[in-house]
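Whatever order the structure lists ligands and atoms in, that order sets their numbers, starting from 1.
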Amino acid sequence: MKLFVTGGAGYIGSHFIADALSEGHEVIAVDNLITSHIQTIERIKQVAGIDFAFYELDICDEQGLRKILEQNQIDAVVHFAALKSVPESISNPLKYYKNNLTGSMVLFGLMKTLKIHNIIFSSSASVYGSSHKSPIKEDFLLKPISPYAQTKVITENILRDMTSSIKEFKALNLRYFNPVGCHDSLLLGESPAIESTNLFPVICSVASGEKECLSIFGKDYDTHDGTPVRDYIHISDLVSGHLSALNWFKNDKKISSINLGTGQGYSVLDIVNQFNSFLDHPIKFELSPRRYGDPGIIYADNSLANEELQWKCSKSLQDMCHDSWNWYSRD
Ligand code: NAD
Ligand code: UD1
């Protein structure tokens, strides 16, 4: 397929393009590099051994985007471009509404005008909020807490309304749980523009000695060891879900929202223990109060992804921790 990828220099977009090129798809990508680096584009080409067209462009720039889309017969759009920090979205909500919603509106408007009818949208498990009992199913009520999660719900709703109003339009919302890890080549991985507060990068910074100690947010949740449980998914499994999803456009469904998670939850202490099994020195941690808004347990029901996309995860927790550490500690 000829794919138009937004946010192609980012963590998930870069891994997707590398694997999509290797599978024989043609890719045209844009990114304004607001949270990523231009060097990633060369690395994608190096990993795949295949060239592709890249434009440094803000998707809010309608004229620029139109020029690129008009020149190409696009089969499907894969829309990764967004700002994604939950804490930053709480302190600066307008920045998130402006970038994530304006960018999507401009893109969708051009898709309508130019009759591009297939889109995969990067949604998030954060659309479910924190009060549901896991495993989380796609038809659970959406209760977004942060402005970031709100932008995902609003964009899903816009896509739903477009599928109702345009006969041929098809949209697939993929709701990611907690992506971690890096590409097998160690050429691609996550390089956040602002210091990450997510668990895996924090553990790696403690392991490397940059940070003294991991604060574990909560020890009295109703879980097997009291610490919170999440559904971590390896980036290569997440990407293979997208590649399987491209076939979904061939069926007669117009819209779907599908969870991409392993269906298996691990606690913070499970993760710490997994890292300790291969590190020279154990991770130093302290048990701290709960983080505001954090649910105790979140993991996916991924049966819809298994059925609709014929997709399964293949990476273990050990792979996720190993690869995250190998990426973080590379030369
Ligand atoms: P990322 O920050 O690494 O990548 C996003 C990319 O989009 C960046 O390269 C950034 O420069 C680009 N971008 C942002 N706004 C843009 C704009 N207006 N025009 C052009 N480019 C723009 O993030 P990621 O982890 O690769 O996430 C990709 C998508 O997946 C995002 O939509 C994110 O919300 C979603 N998501 C990510 C996670 C996660 O944990 N990584 C979880 C759930 C959902
Ligand atoms: C966060 C985002 C979510 C996003 C996901 C993956 C919030 C509220 N949600 O989810 O939208 O999809 O990242 O990028 O930010 N933890 C600690 N100590 C730390 C860091 C984390 O104990 O220093 C714990 C947290 O309490 C949580 C687990 O580790 O239970 C995972 O945290 P994190 O990686 O931040 O992901 P989420 O909060 O699940």
Side-chain angles (χ1 to χ4, degrees), residues 5-16 29-38 40-41 55-61 64-65 78-90 95-96 98-104 106-107 121-130 144-146 148-149 151-152 155 174-180 189-194 196-203 205-206 211 213-219 221 223 227-233 235 238 260-261 265-269 271-272 285-288 290-299:
V5 178
T6 73
Y11 173 43
I12 304 173
S14 60
H15 288 74
F16 171 77
V30 295
D31 198 302
N32 64 356
L33 306 175
I34 190 172
T35 58
S36 52
H37 314 278
I38 189 68
T40 302
I41 300 302
Y55 301 89
E56 185 175 338
L57 182 92
D58 190 317
I59 57 166
C60 300
D61 170 359
L65 199 56
V78 190
H79 180 26
F80 295 105
L83 294 170
K84 67 163 181 182
S85 162
V86 170
E88 193 190 33
S89 81
I90 292 168
K95 181 177 175 187
Y96 275 66
K98 187 165 180 233
N99 186 70
N100 293 3
L101 296 181
T102 311
S104 295
V106 168
L107 174 68
F121 169 58
S122 291
S123 191
S124 158
S126 62
V127 298
Y128 296 113
S130 57
I145 294 171
S146 65
Y148 163 73
T151 69
K152 295 297 178 190
T155 309
L174 295 180
R175 295 177 179 157
Y176 313 152
F177 279 66
N178 293 53
V180 295
E190 186 168 23
S191 310
I194 48 177
S196 176
T197 53
N198 291 133
L199 181 65
F200 274 60
V202 173
I203 289 183
S205 68
V206 175
K211 207 171 182 306
C213 177
L214 165 73
S215 295
I216 297 184
F217 300 139
K219 56 175 183 196
Y221 286 104
T223 62
T227 68
V229 165
R230 293 289 182 275
D231 187 337
Y232 301 96
I233 174 170
I235 183 75
L238 191 83
L260 286 185
Y266 290 102
S267 73
V268 176
L269 277 177
I271 306 296
V272 168
F285 68 83
E286 61 186 4
L287 295 170
S288 307
R290 294 179 177 196
R291 186 168 68 177
Y292 174 75
D294 264 2
I297 304 183
I298 289 214
Y299 61 93

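Every N/O-N/O distance between V30 and ligand 1 stays at or above 3.5 Å. Considering backbone and side-chain N/O of N178, one or more are found under 3.5 Å from N/O of ligand 2. At under 3.5 Å, not a single nitrogen or oxygen of Y148, backbone or side chain, sits near a nitrogen or oxygen of ligand 2. Residue-to-ligand polar distances keep F200 apart from ligand 2: every N/O pair is separated by 3.5 Å or more. Note: no N/O pair closer than 3.5 Å links L83 and ligand 1 by distance alone. Residue K84 has at least one N or O atom closer than 3.5 Å to an N or O atom of ligand 1.
Given atom 26 (O) of ligand 1, the protein heavy atom at minimum distance is I12 N, 2.8 Å. In this structure, atom 4 (O) of ligand 1 lies nearest to the protein heavy atom G10 CA, 3.4 Å. In terms of protein heavy-atom proximity, atom 16 (N) of ligand 2 is closest to F217 CD1, 3.7 Å. Counting only heavy atoms of the protein, atom 32 (O) of ligand 2 lies nearest to R291 NH2, 3.6 Å. Taking atom 33 (P) of ligand 2 as the reference point, the nearest protein heavy-atom neighbour is N198 ND2, 3.4 Å. Scanning the protein heavy atoms around atom 26 (O) of ligand 2, the nearest turns out to be D294 OD2, 2.6 Å. Of all protein heavy atoms, the one closest to atom 16 (C) of ligand 1 is N32 OD1, 3.5 Å. If you check which protein heavy atom lies closest to atom 18 (N) of ligand 2, you get S215 O, 2.8 Å. Of all protein heavy atoms, the one closest to atom 12 (O) of ligand 2 is S124 OG, 3.8 Å.
If you take CG on L214 and CG on L269, they are separated by 9.0 Å, rounding to the nearest 0.5 Å. The distance from atom CG of N198 to atom CG of N178, rounded to the nearest 0.5 Å, is 7.5 Å. We find the CD1-CG distance between I38 and D31 to be 8.5 Å, quoted to the nearest 0.5 Å. To the nearest 0.5 Å, the span separating OH on Y148 from CD1 on I145 amounts to 13.5 Å. Between the SG atom of C60 and the NZ atom of K98 there is a distance of 7.5 Å, given to the nearest 0.5 Å. Distance check, rounded to the nearest 0.5 Å: OG of S122 to NZ of K84 gives 10.5 Å.
Every atom of ligand 2 is numbered from 1 in the order shown, and the set under 4.0 Å from a heavy atom of P228 is 26 (O), 30 (O). Listed by number with element, the atoms of ligand 2 under 4.0 Å from a non-hydrogen atom of I216 are 22 (O). Residue-ligand proximity, T35 to ligand 1, at heavy-atom distances under 4.0 Å covers atoms 2 (O), 8 (C), 10 (C), 11 (O). Proximity to L57 (heavy-atom distance under 4.0 Å) selects the following atoms of ligand 1: 19 (N), 20 (C). Every atom of ligand 2 is numbered from 1 in the order shown, and the set under 4.0 Å from a heavy atom of V86 is 2 (C), 7 (C), 8 (C), 9 (N), 11 (O), 15 (O). Shown in contact with V268 at under 4.0 Å from a heavy atom are these atoms of ligand 2, numbered in order with element: 22 (O), 24 (C), 29 (O). Atoms of ligand 2 found under 4.0 Å from any heavy atom of S126 (numbered from 1 in listed order, with element): 11 (O). Under a 4.0 Å criterion applied to the non-hydrogen atoms of T197, ligand 2 contributes the atoms 20 (C), 35 (O). Near L33, meaning under 4.0 Å from one of its heavy atoms, ligand 1 places the atoms 11 (O). Counting the atoms of ligand 2 from 1 in the order shown, those under 4.0 Å from a heavy atom of Y232 are 28 (C), 29 (O), 31 (C).
One option in F80, Y176, F200 has a heavy atom closer to atom 31 (C) of ligand 1 than any other, and that option is F80. Of the listed residues (A125, S123, S122), the one carrying the non-hydrogen atom nearest atom 44 (C) of ligand 1 is S123. Nearest residue to atom 35 (C) of ligand 1 from Y148, F16, Y232, Y96 is Y148 (criterion: closest heavy atom). The nearest non-hydrogen atom to atom 21 (C) of ligand 2, considering only V127, L199, I298, comes from L199.
Heavy atoms of P179 approach ligand 1 to within less than 4.0 angstrom. Heavy-atom separations between D58 and ligand 1 include at least one value shorter than 4.0 Å. The closest approach between a heavy atom of N99 and any atom of ligand 1 is below 4.0 Å. Residue contact annotation: K152 has a non-hydrogen atom under 4.0 Å from ligand 1.
Side chain of T227 to backbone of K219: no donor-acceptor contact under 3.5 angstrom is found. Distance alone, capped at 3.5 Å, places no donor-acceptor pair between the N32 side chain and the I59 backbone. The backbone N or O of V202 sits less than 3.5 Å from a side-chain atom of S205, completing a donor-acceptor pair.
In this structure, atom 4 (C) of ligand 2 has its sub-4.0 angstrom surroundings free of protein heavy atoms.
Side-chain contact check for Y96 and E88: at least one donor-acceptor pair (N or O, by modelled atom type) lies under 3.5 Å.
Neither the backbone nor the side chain of N178 has any atom closer than 4.0 Å to an atom of ligand 1 (non-hydrogen atoms only). Within the 4.0 Å heavy-atom criterion, the part of L214 lying near ligand 2 is the side chain and not the backbone.
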